[in-house]
Amino acid sequence: MATTDETRGGRLRAWMLEGLSDMGKGKPSRPKEAAPDAGHRGQPWYRVMCLTGVDYFSTLGYQPGIAALAAGLLSPIATIVLVIVTLAGALPVYRRVAEESPHGEGSIAMLSRLLSFWKGKLFVLTLLGFAATDFLITITLSAADASTHLVENPHLESALHDKQVLITMILIALLGAVFLKGFLEAIGVAVALVGIYLALNAVVVVTGIWHVLTEGHVVTDWTAALTQEHGNVFVMIGVALVVFPKLALGLSGFETGVAVMPHVKGDAEDTEARPVGRIRDTKKLLTTAALIMSVFLICTSFITTVLIPHEEFESGGKANGRALAYLAHEYLGNTFGTVYDVSTILILWFAGASAMAGLLNLMPRYLPKYGMAPHWARAVRPMVIVFILVAFLVTWIFDADVDAQGGAYATGVLVLICSAAIAVTIAARKAGQRGWTIGFGVISVVFLYTTVVNVIERPDGVKIGACFIAGIILISLLSRLGRAFELRVTHVDLDDMAERFIRDISHRTPRFIANEPGERDITEYREKIEQIRADNDLPTTEDFVFVEVTVTDPSEFEAGLTVRGEVLHDRYRVLTVESSSVPNALAALLLHSRDLTGTRPHIYFEWTEGNPFANFFRFFLLGRGEVAPTTREVLREAEPDRDRRPRVHVG
């Protein structure tokens with residue numbers, strides 16, 4: 001029985017961690033050569049557009065209602081402002097992001113290159129917090145709105161009354177089940193849902209426009225009320241510009257568009273370094289989605305404003321959060337309306353798929369690499385479970401209320417768009433493109449204004465984002481602390497001289513001296529050898545090679561190691577290494593030396609002066625400190641067999 005349980009446990013663990021990368025675990029090795037990016041492994045751009053479109057297009061389920069509540073009679077004009085900002089602002093920005101960051105990291109990767117050390121890591125973690133806000137609230141808000149359509153359907157309203165939270169959680173759980181099954185299934189479902197949903201919306205829009213044309217008084221009534229309320233065209237435009245930030249949810253699809261970019265099928269000649277075909281087709285994806293959405297936004301905001309009484313948009317009204325569904329039932333009957341409800345429920349439920357894809361593409365690219373997540377965070381299935389559990393918590397906290405989550409959603413969307421606009425402005429300036437720099441700079445100002453206004457009016461969005469940021473930073477630092485002694489060198493490269501030194505010394509007992517370089521004069525090396533011999537009672541016949549590690553960026557967690565050999569003062573052999581951590585570099589070099597030569601190396605240290613706790617935090621934050629015991633601990637974790645573990649001597 002025990003054996004059977006262990007077998008089942010092993011199979012479950014293998015299934016959960018399927019596809020897990022082994023980078024950073026075990027012995028360091030030489031990296032694989034870069035292979036061409038197999039274009040056939042991706043999906044055609046229009047299919048991937050459907051995956052990001054379930055987020056973008058599904059906002060039609062609630063965007064017209066939000067616009068009507070925010071702008072009232074000005075909803076169509078405010079929506080036109082949104083469309084102009086979309087096509088002239090967000091679209092050019094994200095087309096440039098696709099060029100600059102074609103592997104799915106988005107603007108976060110572009111900005112992270114500008115900052116180094118811990119300030120860069122904290123900046124990235126902050127942006128990841130807003131990205132998590134955007135993507136996770138996409139999952140919970142969309143599922144909540146789907147449950148709203150289900151609960152308020154005339155055929156089901158009595159049976160499902162007060163069951164919205166439970167229904168929302170069931171929808172989120174089903175979404176997680178799809179991703180636990182596999183990603184290709186998610187794309188196939190998205191294509192079917194988007195095709196049906198857009199077709200049904202086209203029917204509702206055409207029907208609505210027909211009623212507007214045949215009932216001419218609705219337009220004259222609307223224009224008369226508009227003139228009476230706002231006076232003239234210039235006042236209308238001014239008010240529309242002021243209320244535009246409240247409509248920012250209509251921009252939600254761009255970040256997921258570049259996040260799922262790695263799934264776009266490129267050309268056969270594409271490589272990871274130059275995925276020309278993937279970039280070209282992603283631009284097609286972004287442009288096509290923006291154009292489709294712009295047409296629908298203008299049409300739906302117009303027909304819902306002139307055909308639906310304003311009180312129906314208010315909380316408790318029949319059009320609240322479901323304006324187009326209201327028109328479908330009103331003008332096409334309850335049978336078509338129910339079909340439309342089902343389609344809307346499905347696409348809103350599956351809108352979380354693009355957000356989940358974005359999370360699964362974004363978080364494992366940064367957190368494990370920074371040492372700020374457990375190693376299993378590279379695997380898809382454990383991360384799906386984590387995100388679903390967080391989504392359950394958010395749904396419970398907000399009681400599955402769509403309006404209550406709108407502020408957090410808009411804040412996450414706008415912060416990410418702002419970061420993208422600023423990133424491409426900097427990229428254009430570095431490329432010497434003055435025209436694009438000015439253009440992107442103006443777009444950045446527009447989005448900064450929109451973000452600030454949104455934050456002032458709905459500060460709850462920043463509060464929720466701050467909770468995500470604080471959670472990510474806290475968990476990240478605890479994870480980094482827990483992985484402090486992990487061997488995190490991905491590979492070791494020796495130049496010819498370094499390899500010659502190691503092979504030569506392996507004919508005897510390989511002995512290395514860890515040396516913190518000072519003046520690097522002949523006296524420094526002579527006195528160091530004399531001290532090591534005296535401290536360890538070694539005969540003068542013993543031979544040594546010095547190892548000197550220079551710390552580059554101590555905030556980096558995983559990196560390769562390049563070792564160079566040189567002869568100083570015609571007699572002292574020195575290996576020079578650059579690394580983010582002295583103990584990790586030394587441990588990786590010793591293990592590589594053992595594997596290369598088959599002999600067990602020895603390394604010699606002198607004790608570091610100072611408080612051991614202070615020295616540990618120096619190691620944690622700055623990559624140096626109490627080097628000797630830390631090197632030994634890294635070796636102990638990397639090589640459990642004491643008989644094969646390199647020997648550490650301290651005097």
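Atoms considered below: every heavy atom in the structure, side chains included; atoms not considered: hydrogens, waters and symmetry mates.
Without hydrogens or angle criteria, Glu524 side chain to Glu519 main chain gives a donor-acceptor distance under 3.5 Å. Judged purely by atom type and a 3.5 angstrom limit, Thr597 uses its side chain to pair as donor or acceptor with the backbone of Ser593. Checking side-chain atoms of Thr562 against main-chain N and O of Asp493 turns up no donor-acceptor pair under 3.5 Å. At distances below 3.5 Å, at least one donor-acceptor pair connects side-chain atoms of Asn536 with backbone N or O atoms of Ile532. In this structure, the side chain of Asp281 does not engage the main chain of Gly266 through any donor-acceptor pair within 3.5 Å.
Arg632 is not listed as a side-chain neighbour of Val650, based on a closest heavy-atom distance of 4.5 Å or more. Considering only heavy atoms from C-beta on, Met497 comes within 4.5 Å of Arg500 through its side chain. Between Ile513 and Ile529, some side-chain heavy-atom pair lies under the 4.5 Å cut-off. Using a 4.5 Å heavy-atom cutoff, the side chains of Leu285 and Val48 are in contact. The shortest distance between side-chain heavy atoms of Phe440 and Arg429 does not fall below 4.5 Å. Side-chain contact between Arg647 and Leu635 is absent, with no heavy-atom pair separated by less than 4.5 Å. Between Val567 and Phe501, the closest side-chain pair of non-hydrogen atoms falls below 4.5 Å. Tyr94 places a side-chain heavy atom less than 4.5 Å from the side chain of Ile417.
Interatomic distance, Ile388 CD1 to Leu393 CG, rounded to the nearest 0.5 Å: 13.0 Å. Remark: Arg533 CZ to Tyr604 OH distance equals 10.5 Å, nearest 0.5 Å. One finds the CG atom of Leu589 at 5.0 Å from the CD1 atom of Ile502 (value rounded to the nearest 0.5 Å). Remark: Tyr572 OH to Ile522 CD1 distance equals 5.0 Å, nearest 0.5 Å. Atom CG of Asp495 and atom OG1 of Thr576 lie 7.5 Å apart (nearest 0.5 Å). For the atom pair CD of Glu499 and CG of Leu575, the computed distance is 11.5 Å after rounding to the nearest 0.5 Å.
Applying the salt bridge (Lys or Arg N to Asp or Glu O under 4.0 Å) rule to Arg636 yields the partners Glu633; only residues at least two apart in sequence or on another chain are considered. Under the salt bridge (Lys or Arg N to Asp or Glu O under 4.0 Å) criterion, Asp535 pairs with no residue at all, not counting sequence neighbours. Residues passing the salt bridge (Lys or Arg N to Asp or Glu O under 4.0 Å) test with Arg95: none are found, sequence neighbours excluded.
Ring-plane geometry between Tyr525 and His569 is classed as tilted, the angle between the planes lying from 30 to 60 degrees on a 0 to 90 degree scale.
Between Glu639 and the choices Arg600, Arg645, Arg594, the salt bridge (Lys or Arg N to Asp or Glu O under 4.0 Å) rule is met once, by Arg594. When the options Asp543, Val545, Leu538, Ile603 are evaluated for a side chain to side chain contact (heavy atoms under 4.5 Å, CB included) with Arg511, the one that passes is Leu538. Among the candidates Arg520, Arg573, Arg571, the single residue satisfying the salt bridge (Lys or Arg N to Asp or Glu O under 4.0 Å) test with Glu566 is Arg520.
No more than 12 heavy-atom neighbours from other residues, nucleotides or ligands sit within 6.0 angstrom of CG on Asp496. In the displayed structure, Asp641 atom CG is contacted under 6.0 Å by more than 12 heavy atoms of other residues, nucleotides or ligands. Around the CZ atom of Arg280, the shell of radius 6.0 Å holds more than 12 heavy atoms that belong to other residues, nucleotides or ligands.
Minimum heavy-atom separation, Leu561 to Ser579: CD1-CB, 3.8 Å. Shown here for Ala585 and Val577, the closest heavy-atom pair between the two residues is CB-CG1, 4.2 Å. For the residue pair Ile279 and Ala98, the shortest heavy atom distance occurs at CG1-O, 3.6 Å. Nearest heavy-atom pair across Leu590 and Pro601 is O-CG, 3.5 Å. Contact record, Gly176 with Val384: O-CG1, 3.7 Å, taken as the closest heavy-atom pair. Closest approach of Pro102 to Arg278, counting heavy atoms only: O-NH1, 2.7 Å.
Salt bridge status for Arg274 with Glu269: absent, with no side-chain N to carboxylate O gap under 4.0 Å.
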(request) Evaluate side-chain contact (heavy atoms from CB on, under 4.5 Å) for Val390 paired with Leu136, printing each intermediate quantity in order. (result) CA-CA 8 Å; Val390 175; Leu136 276 167; 3.7 Å; yes

(message) Quick one, Phe546 with Lys528, criterion side-chain contact (heavy atoms from CB on, under 4.5 Å). Give me CA distance, side-chain angles, the key distance, then yes/no.
(response) CA-CA 10 Å; Phe546 288 91; Lys528 187 74 172 182; 3.7 Å; yes

